[in-house]
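Note sheet for the following structure.
Just so you know, these numbers use all the heavy atoms, side chains as well, and skip hydrogens, waters and symmetry mates. In what follows, every chain begins at residue 1, and chains take the letters A, B, ... in the order their sequences are listed.
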Number of protein chains: 2
Amino acid sequence: MIIVPSMIRLTAQRQAILDMINTSERHWDADELARSLSDSGQSIGIATVYRGLATLEEAGLIESIQLADKKRYERADKAHHDHMICTACGSIEEFAHATIESLQLSVAAEKGFAVSGHQLVMFGLCRKCTQGEQK
Amino acid sequence: MIIVPSMIRLTAQRQAILDMINTSERHWDADELARSLSDSGQSIGIATVYRGLATLEEAGLIESIQLADKKRYERADKAHHDHMICTACGSIEEFAHATIESLQLSVAAEKGFAVSGHQLVMFGLCRKCTQGEQK
DNA sequence: ATGGTAATGATAATGATTATCGTTCCATCC
DNA sequence: GGATGGAACGATAATCATTATCATTACCAT
Ligand SMILES: [Mn+2]
Ligand SMILES: [Mn+2]
Ligand SMILES: [Zn+2]
Ligand SMILES: [Zn+2]
């Protein structure tokens, strides 16, 4: 499958957002990003941050996951993966499992459902928090 | 595993909410529920609807899925399943797949992650909307 | 340079959910 | 049977993430 990102103008603001995301392994929300950009001297209006994130995602340059309260963005230059989120410390771990992926598609196919995207999130305690638990 | 729902008082309002959910196959949001209750003569304050839904869920009497914009509730008296959501008509289809479930747990176990819950949602076009598409 | 379109930024608006607070309901104890 | 303290309600204000407005600015192509 060939992805053809619609041509967008890489303005200074969009470039700053993209750089911030691409040079990190974090899953950013709009506010964190705006604050971080501001701290690094590159202050961008919050509305522009939201618009920039949406535009960059449409262009396929970044990806997002929709969590309960907010949307979080991450770099798009890694293979597809899903997430495990620690309900204690908030850390996000990634995982990929080819069999799970293909089983999803086959289940959908059985139902005549044409999948365009999916999101699998597991909640629980990460290793660190599980250990720290037994006080 | 034995589930012990904390004892809650089944007030008239909570009962009305529970009945509405249990006698349907829908995935309700708070507003739809309040409106429907109002239509059926059983009008309940919107704040009470929100509180009732949260309380009933904690007690294990209903379940929820968190979608992008809002939370939707459904009856808890069926086996665990996940969802496929049509991005054209909004319909929600359910599916269950034991292998996917167990693979999830094994992936988590590998990472030392203690899973307490998960949510798998696929987005795309349902059979009906796929067919109606070719105009 | 100039006109036109896209992007930006400050701010208002929106929509779902939660917080507040005075009132009402209930179970329990004289 | 009535007093009483806590739980639940309902109306409404507040919150929070996101989107809409709109005047201003930047960029592109004649
Ligand atoms: Mn990720
Ligand atoms: Mn369901
Ligand atoms: Zn943790
Ligand atoms: Zn559909």
**OP:** Could you tell me which residues satisfy salt bridge (Lys or Arg N to Asp or Glu O under 4.0 Å) with B/D19, sequence neighbours excluded, listed by chain and number?
**Re:** none
Original post:
In chain order, what residues pass the salt bridge (Lys or Arg N to Asp or Glu O under 4.0 Å) check against B/R14, with sequence neighbours excluded?
Top reply: none
Original post:
When every nucleotide of nucleotides 22-28 of chain C is labelled 5' to 3' by its protein contacts under 4.0 Å (heavy atoms), B for base, S for sugar-phosphate only, - for none, what sequence of letters results?
Top reply: ----S--
**OP:** Output all residues satisfying side chain to side chain donor-acceptor pair (under 3.5 Å) with A/S64, sequence neighbours left out; order by chain, then residue number.
**Re:** A/E57
Original post:
Closest heavy-atom contact between B/F113 and A/F123?
Top reply: CE2-C, 3.7 Å
Original post:
C/dG9 P sits how many Å from A/R51 CZ, rounded?
Top reply: 8 Å
Original post:
Considering residues at least two apart in sequence or located in another chain, which fulfil the side-chain contact (heavy atoms from CB on, under 4.5 Å) criterion with B/A30?
Top reply: B/V49, B/Y50, B/L53
**OP:** Please collect all ring-ring contact (aromatic ring centres under 6.0 Å, His included) contacts where either partner lies in residues 73-95 of chain B, sequence neighbours excluded, each pair once.
**Re:** B/H27-B/H83, B/H80-B/H118, B/H81-B/H83
Original post:
What are the bounds, 5' to 3', of the part of DNA chain D that sits under 4.0 Å from heavy atoms of chain A?
Top reply: D/dA17 to D/dC27
Original post:
Which part of the nucleic acid does B/R14 contact within heavy-atom distance under 4.0 Å: base, sugar-phosphate only, or nothing?
Top reply: sugar-phosphate
Original post:
When the distance from CG of B/D69 to C1' of C/dT17 is rounded to whole Å, what number comes out?
Top reply: 12 Å
Subject >> Gap between atoms CG and P, on A/L56 and C/dA7 respectively (whole Å) >> reply: 11 Å
Original post:
Do any of residues 18-48 of chain A sit with a heavy atom less than 4.0 Å from DNA chain C, and if so which?
Top reply: A/I44, A/G45, A/A47, A/T48
**OP:** Look at B/K78 together with B/E25 and state whether they make a salt bridge at an N to O cut-off of under 4.0 Å.
**Re:** yes
Subject >> Spacing of B/L53 atom CG relative to C/dA16 atom P, expressed in whole Å >> reply: 14 Å
Original post:
How would you list, by chain and number, every residue that makes a side chain to side chain donor-acceptor pair (under 3.5 Å) with A/D39, sequence neighbours excluded?
Top reply: none
Original post:
What residues, two or more places apart in sequence or in another chain, satisfy side chain to side chain donor-acceptor pair (under 3.5 Å) together with A/H97?
Top reply: none
Subject >> Qualifying residues under side chain to side chain donor-acceptor pair (under 3.5 Å), relative to A/T48, sequence neighbours excluded >> reply: A/R51
**OP:** Please list, chain by chain and in numerical order, all residues satisfying salt bridge (Lys or Arg N to Asp or Glu O under 4.0 Å) with B/E101, sequence neighbours excluded.
**Re:** none
